[in-house]
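Here's the structure, in structure tokens; my notes come after.
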Amino acid sequence: MNLTIHSLLARPLALFWLLVIGLFIFAGIFAPLLSPHDPLTPNLAMKFASFSLDYPLGSDHLGRCILSRLLYGVRTTLFLSMAIVALSLLIALVLGLSAAFFRRAEEWIMRACDAMLSFPSELMFLAIVGMLGPGILNTLIAGIIAKSAWHTRMIYAFALHLKDQNYLLFAQAAKTPLHLILRKHLWRALSLKVILLATMDIGWMVLSLSALSFLGLGVQAPTPEWGVMLSEAKEAMSFNPIQMLPPGMAILLIVLAFNFWGDTLQTLLDPKHSSPKGHS
């Protein structure tokens, strides 16, 4: 593994995007302290207010503070995306490792994954939400189902590759209990691969959640969510287009940050994937 402090310090652009991710997470955790107003309370007297000290990013069509809704939207958009990816990976770890180490389970799990992967993840996500209905819980369930097959397939492939390593073959030959092999040997090698998968998928999930909410199929208004904010702002786009910038830029920045950071991790963990010039 080439993931060291020195290798990270040699990539200042990667550290910048990591800082961006950290700032978003910080803003979401401390949103109640950082927000100048309640994100749900309308104030029609301040409808479409321009930038000011009281409303740093202006207000929307109901007079709600855009900055406050943007900060609370981190919790809905980013934290929900992270929860979906984390829960999907947790399920995939159980299924993928079971398929890799138990021959009886392998056939059933892999055939089920193949059937689910025959549909694009975006289409499956949209179809499941369409069947279950909009809302945060249904979106959470749909996201987990849509991504768990892909994550299971990837972890299964990682586990099969690691399973053939000499130190694991020796542990099996020495009759080491399976739980010790998984905990002491396999997990150490697999954990960074799982982190890489999570990092590269969170950006995709942010885009998918925002798109669903924009279409009215995901998180519902008045919940602060970046896709919902974009959907509401489009109604005023002809005379107040500036309202679309804050949620749009937030989505752009967080997706860029996770995608670039995921690419950097991939380069550090497997230099064969790096470009000839490398990352700056």
Side-chain angles (χ1 to χ4, degrees), residues 17 20-21 23-25 27-28 31 34-44 46-52 55-85 120-123 125-130 132-140 142-143 146 201-260:
W17 288 116
V20 170
I21 294 172
L23 288 175
F24 270 97
I25 293 174
L34 299 174
S35 300
H37 299 277
D38 187 325
L40 299 177
T41 302
N43 183 5
L44 295 179
M46 298 299 297
K47 180 179 178 180
F48 295 127
S50 59
F51 301 161
S52 65
Y55 290 87
L57 295 179
S59 63
D60 63 10
H61 63 296
L62 295 177
R64 297 171 299 191
C65 177
I66 292 177
L67 176 60
S68 300
R69 291 180 61 77
L70 195 70
L71 291 172
Y72 274 88
V74 175
R75 294 182 167 191
T76 311
T77 306
L78 178 57
F79 290 0
L80 181 59
S81 298
M82 294 171 71
I84 290 173
V85 172
S121 297
E122 295 85 352
L123 181 60
F125 199 2
L126 184 63
I128 296 172
V129 169
L132 296 178
I136 292 179
L137 179 60
N138 290 342
T139 303
L140 177 70
D201 274 348
I202 289 173
W204 177 91
M205 189 57 66
V206 167
L207 280 176
S208 298
L209 280 179
S210 300
L212 281 177
S213 299
F214 180 82
L215 296 173
L217 296 174
V219 179
Q220 298 295 290
T223 303
E225 198 277 333
W226 295 341
V228 171
M229 293 176 67
L230 278 175
S231 180
E232 293 175 339
K234 80 178 189 300
E235 304 298 332
M237 188 169 59
S238 59
F239 58 90
N240 198 350
I242 199 72
Q243 284 199 33
M244 299 196 72
L245 281 179
M249 289 301 298
I251 294 170
L252 176 64
L253 280 174
I254 199 64
V255 171
L256 276 177
F258 273 106
N259 285 351
F260 194 95

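Because the structure is a prediction, the values reported are computed rather than measured.
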Checklist line | Donor-acceptor under 3.5 Å (Arg64 side chain, Pro42 main chain) | finding: no
Report the C-alpha separation of Leu230 and Ile251 in whole Å, then their side-chain angles, then the decisive distance to 0.1 Å, and conclude whether the side chain to side chain contact (heavy atoms under 4.5 Å, CB included) test is met. CA-CA 10 Å; Leu230 278 175; Ile251 294 170; 3.7 Å; yes
What heavy-atom pair brings [X] and [Y] nearest, and what distance separates the two atoms?
X: Glu232; Y: Ala221; result: OE2-CB, 3.6 Å
X: Ser231; Y: Lys234; result: O-CG, 3.1 Å
X: Ser59; Y: Gln243; result: O-NE2, 3.4 Å
X: Ala250; Y: Leu70; result: CB-CD1, 4.0 Å
X: Pro39; Y: Arg69; result: O-NH1, 2.9 Å
X: Leu71; Y: Ala31; result: O-CB, 3.9 Å

side-chain hydrogen bond (donor to acceptor under 3.5 Å, both in side chains) filter on Ser35, not counting sequence neighbours, yields none
Across all chains, not counting sequence neighbours, the side-chain hydrogen bond (donor to acceptor under 3.5 Å, both in side chains) partners of Ser52 are none
* If you draw a 6.0 Å radius around NZ in Lys47, do more than 12 non-hydrogen atoms from other residues or ligands fall strictly inside? -> no
Sequence neighbours left out, cut at 3.5 Å: what donor-acceptor pairs do the side chains of residues 201-218 make with other protein atoms?
| from | atom 1 | to | atom 2 | distance (Å) |
| --- | --- | --- | --- | --- |
| Asp201 | OD2 | His151 | NE2 | 2.5 |
| Trp204 | NE1 | Glu122 | OE2 | 2.9 |
| Ser208 | OG | Trp204 | O | 3.0 |
| Ser210 | OG | Val206 | O | 2.9 |
| Ser213 | OG | Leu209 | O | 3.1 |
| Ser213 | OG | Val219 | N | 3.1 |
| Ser213 | OG | Glu225 | OE1 | 3.2 |

Does any non-hydrogen side-chain atom of [Y] lie less than 4.5 Å from one of [X]?
X: Thr223; Y: Val228; value: no
X: Tyr55; Y: Ile66; value: no
X: Pro134; Y: Thr139; value: no

Taken to the nearest 0.5 Å, the spacing of Thr77 OG1 from Met229 CE works out to 9.0 Å
In this structure, CE of Met82 is separated from CZ of Arg75 (nearest 0.5 Å) by 13.5 Å
- prompt: Parallel under 30°, tilted from 30 to 60°, perpendicular over 60°: which one fits the rings of Trp226 and Phe24?
  reply: perpendicular
Handout entry: Plane angle bin for His61 and Phe48 - parallel if under 30°, tilted between 30 and 60°, otherwise perpendicular
Key = tilted
Assess whether side chain to side chain contact (heavy atoms under 4.5 Å, CB included) is satisfied between Phe258 and Ile21, documenting all intermediate values. CA-CA 7 Å; Phe258 273 106; Ile21 294 172; 3.7 Å; yes
